[in-house]
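I have placed the structure first, in the form of structure tokens, so that the comments after it can refer back to it.
In this text the structure is predicted, and so the values were computed from the model without any measurement. Letters A, B, ... are given to chains in the order of the sequence lines, protein chains preceding strands, and every chain is numbered from 1.
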2 protein chains.
Amino acid sequence: MNRKKRWQPLFFYASISGGRTLFFDIILIDWHALKNLFIRCLLHNFTSLFQKYLEEKTELTQAESERIQSFAIIKKLRKRQYLLQEGDVWKYDAFITQGCVRTYTVDEKGGEHVNSFSIENWWTGDRESLMMQQPSRFNIDAIEDTELVLFTHENFELLCREIPAFNNMVNNILQRSFIAAQNRIQASLTLTAEEKYLNFVNKYPGFASRIPQTMIASYLGMTPETLSRIRKQTAKK
Amino acid sequence: MNRKKRWQPLFFYASISGGRTLFFDIILIDWHALKNLFIRCLLHNFTSLFQKYLEEKTELTQAESERIQSFAIIKKLRKRQYLLQEGDVWKYDAFITQGCVRTYTVDEKGGEHVNSFSIENWWTGDRESLMMQQPSRFNIDAIEDTELVLFTHENFELLCREIPAFNNMVNNILQRSFIAAQNRIQASLTLTAEEKYLNFVNKYPGFASRIPQTMIASYLGMTPETLSRIRKQTAKK
DNA sequence: GTAAAAACTTGATCTAGATCAAGAGTTTGA
DNA sequence: TCAAACTCTTGATCTAGATCAAGTTTTTAC
């Protein structure tokens with residue numbers, strides 16, 4: 001299992017009648033950037049991903065769906081831009097339509113500890129700050145350029161009360177988040193560093209190639225050096 | 001902060017008019033057992049604690065409250081008795097009225113890893129097994145003699161649908177559980193063994209004297225030996 | 001296009017906490 | 001009531017992963 005090289009060859013060729021293949025060119029291409037480009041081209045309206053998510057997760061009438069959309073606030077983040085900074089009170093429920101975001105704390109020595117990653121089709125934010133209306137201990141910033149749909153918490157609660165299907169969806173997400181957190185605790189208690197990494201790659205395929213290793217190491221509770229060595233070892237096998 | 005001795009002296013004496021004190025006797029007494037005895041004497045009906053909890057957490061009509069009680073299944077566990085065993089599917093929502101329970105996994109070497117403790121006024125069970133209707137990876141057993149109120153999940157969901165206040169309470173618990181799990185992850189990533197212990201004692205005063213050290217060590221992700229040494233060190237200060 | 005800043009790798013050394021072992025105290029159950 | 005089974009403590013030793021340091025590659029920004 002070799003490290004995915006960022007730049008990879010792309011071959012251009014044409015198949016001509018008679019079975020011969022005419023070779024044009026090879027260029028080196030950054031697959032990840034290309035994929036992002038495609039996704040952007042396809043999404044003429046980037047909230048449509050949220051629309052699609054709602055359709056999958058819930059059964060809404062047209063009116064309900066429009067009601068939800070009417071409360072949606074669209075937000076774009078450039079890479080490294082903050083969504084939430086430590087000390088601020090978080091006031092939203094946030095759904096990611098495109099991109100990737102990390103939630104982390106900074107300790108007194110300046111070390112960053114990644115608490116979670118969130119990508120398209122996931123929710124992000126600080127529930128504790130939101131619920132208790134207290135300053136957040138977390139920072140949230142964008143790992144890639146990111147697009148979100150925000151709801152103020154008042155609107156969000158209103159939607160929960162008005163639309164049972166929406167409420168069910170929220171409940172469901174919360175349960176899954178809790179289960180995921182439980183599993184993470186379990187992993188951190190029982191697994192070795194190597195097992196933690198393999199478990200992560202296995203559970204979230206795609207994350208590993210998209211998120212800087214330093215951050216993954218932090219998420220898994222180890223140093224970047226250790227992760228680098230583990231990757232080297234596992235690549236051999 | 002010295003280790004709490006299980007058997008402690010209790011002095012019997014009387015104050016006589018004129019300021020003299022008449023001394024009777026000293027006996028050694030197990031405060032913990034005595035406390036439990038008192039609690040049991042006071043609770044002529046042990047579901048009343050659940051009743052009290054509901055009254056505190058929610059605003060229910062008399063009818064709603066009776067409806068909830070009508071679905072309640074009372075269960076008693078002796079110390080060490082299982083509530084759930086690995087491989088079984090968990091089908092309830094469970095509220096503890098008295099006692100203490102632990103949730104843990106067993107690894108292939110036979111080592112036990114405590115995932116959580118739950119005491120009076122808390123909920124317990126395996127959400128993952130319940131939600132996905134799949135065999136549980138967890139064991140739950142009683143650390144002390146324990147009394148619970150169970151609801152089958154169907155009844156529980158019925159109550160959630162019927163009684164908005166009940167639904168809100170459940171939502172609230174879930175949010176708090178999720179926040180607690182997040183904080184635990186945070187602690188396990190950032191704190192040293194000693195800090196983890198102090199954080200635990202600080203956050204859950206009362207747990208430390210009630211739960212065997214081996215289990216606390218496991219919960220905190222360290223060996224009993226390490227915890228023993230930490231306790232010795234912090235006692236000095 | 002290029003210099004500065006990040007991100008990643010590799011090696012040498014160190015340390016918090018694990019493991020192993022053995023004794024003392026406590027609880028359990030026939 | 002007493003032996004067996006836990007639970008806790010303490011010491012000696014070991015090790016996974018941290019820390020420190022220096023080189024290489026990749027990304028960023030002017």
Side-chain angles (χ1 to χ4, degrees), chain A residues 2-8 28-33 36 78-81 102 107 109-114 141-145 188-198 208-236, chain B residues 2-8 28-33 78-81 102 107 109-114 141-145 188-197 208-236:
Chain A
N2 225 315
R3 186 164 97 85
K4 189 192 161 196
K5 287 275 176 291
R6 167 102 194 219
W7 293 93
Q8 295 186 325
L28 284 177
I29 193 153
D30 177 343
W31 285 104
H32 182 58
N36 270 344
R78 302 294 316 272
K79 189 172 176 177
R80 301 237 171 81
Q81 197 181 336
R102 84 205 227 254
D107 65 28
K109 281 171 230 143
E112 295 180 357
H113 302 274
V114 176
D141 67 11
I143 294 179
E144 308 166 355
D145 292 357
S188 89
L189 288 178
T190 59
L191 304 183
T192 64
E194 181 173 351
E195 288 167 339
K196 278 179 206 166
Y197 175 66
L198 294 176
S209 58
R210 197 165 163 181
I211 298 170
Q213 275 187 60
T214 323
M215 293 182 192
I216 295 176
S218 169
Y219 174 84
L220 296 173
M222 62 186 77
T223 58
E225 292 95 328
T226 298
L227 181 56
S228 176
R229 281 182 253 265
I230 285 170
R231 283 166 56 85
K232 195 183 170 190
Q233 274 176 37
T234 56
K236 276 189 216 159
Chain B
N2 225 314
R3 187 165 97 85
K4 191 190 159 194
K5 287 273 177 291
R6 168 103 194 216
W7 294 94
Q8 295 186 322
L28 283 177
I29 193 151
D30 176 343
W31 284 105
H32 182 59
R78 302 293 317 271
K79 188 172 174 175
R80 301 235 170 79
Q81 196 180 335
R102 85 206 226 256
D107 64 29
K109 283 172 227 141
E112 294 180 357
H113 302 273
V114 175
D141 68 10
I143 295 178
E144 307 167 355
D145 291 356
S188 88
L189 288 179
T190 60
L191 304 183
T192 63
E194 180 172 353
E195 288 167 339
K196 279 180 204 165
Y197 175 66
S209 57
R210 197 167 161 179
I211 297 170
Q213 275 188 58
T214 323
M215 294 182 192
I216 294 175
S218 170
Y219 175 83
L220 296 173
M222 62 185 77
T223 58
E225 291 95 327
T226 299
L227 181 56
S228 177
R229 280 181 253 265
I230 285 170
R231 284 166 55 84
K232 196 183 170 190
Q233 272 176 38
T234 56
K236 275 190 216 157

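Here OG of B:S188 is found 11.0 Å from NE2 of A:H113. Values are rounded to the nearest 0.5 Å. Between A:R210 atom CZ and A:M215 atom CE the span is 13.0 Å, to the nearest 0.5 Å. Between atom CG of residue A:L220 and atom NZ of residue A:K196 there is a gap of 7.5 Å, rounded to the nearest 0.5 Å. Atom CG of B:L227 sits about 14.0 Å away from atom NZ of B:K232, to the nearest 0.5 Å.
Going from atom CD of A:E194 over to atom P of D:dA16 covers 11 Å, rounded to whole Å. A straight line from CD1 of A:I216 to C1' of C:dC8 spans 12 Å, rounded to a whole angstrom. Between A:I143 atom CD1 and D:dT27 atom P the separation is 15 Å, expressed in whole Å. Atom pair B:R78:CZ and C:dT28:C1' shows a separation of 12 Å (rounding to whole Å applied). For the pair A:Q233 CD and C:dT10 P, the interatomic distance rounds to 12 Å; values are reported in whole Å. For the pair B:R231 CZ and C:dG17 C1', the interatomic distance rounds to 18 Å; values are reported in whole Å. What separates CD of B:E195 from P of C:dG17 is a distance of 9 Å, to the nearest Å. Between the CE atom of B:M222 and the P atom of D:dG17 there is a distance of 17 Å, rounded to whole Å.
Checking the phosphate oxygens (OP1, OP2) of D:dC8, a side-chain nitrogen or oxygen of B:T214 falls inside 4.0 Å. For the pair B:K232 and D:dT9, the criterion of a side-chain N or O lying under 4.0 Å from OP1 or OP2 is not met.
For B:T192, the listed nucleotide lying nearest its side chain is C:dG17; candidates were C:dC8, D:dC8, C:dG17. The side chain of A:Q213 lies closest to C:dT9, out of D:dC8, C:dT9, D:dT27.
If you check distances only, the side chain of A:E225 never reaches the base of C:dC8 with a donor-acceptor pair under 3.5 Å. Side-chain N/O atoms of B:R80 and base N/O atoms of C:dT27 include no donor-acceptor pair closer than 3.5 Å. Side chain A:R229 to base D:dT19: a donor-acceptor pair is found below 3.5 Å.
Nucleic acid contact for A:K79: sugar-phosphate only, since backbone atoms but no base atoms lie under 4.0 Å from a heavy atom of the residue. Among the atoms of the strands shown, only primed sugar atoms or phosphate atoms (P, OP1, OP2) are found under 4.0 Å from some heavy atom of A:G221.
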Open item on the list: One pair to check against side-chain contact (heavy atoms from CB on, under 4.5 Å): A:R102 and A:I211. What are the steps and the verdict?
Closed with: CA-CA 10 Å; A:R102 84 205 227 254; A:I211 298 170; over 6 Å; no

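Looking at which nucleotide of DNA chain C each of A:T226 and B:T223 is closest to, the 5′-most match is held by A:T226.
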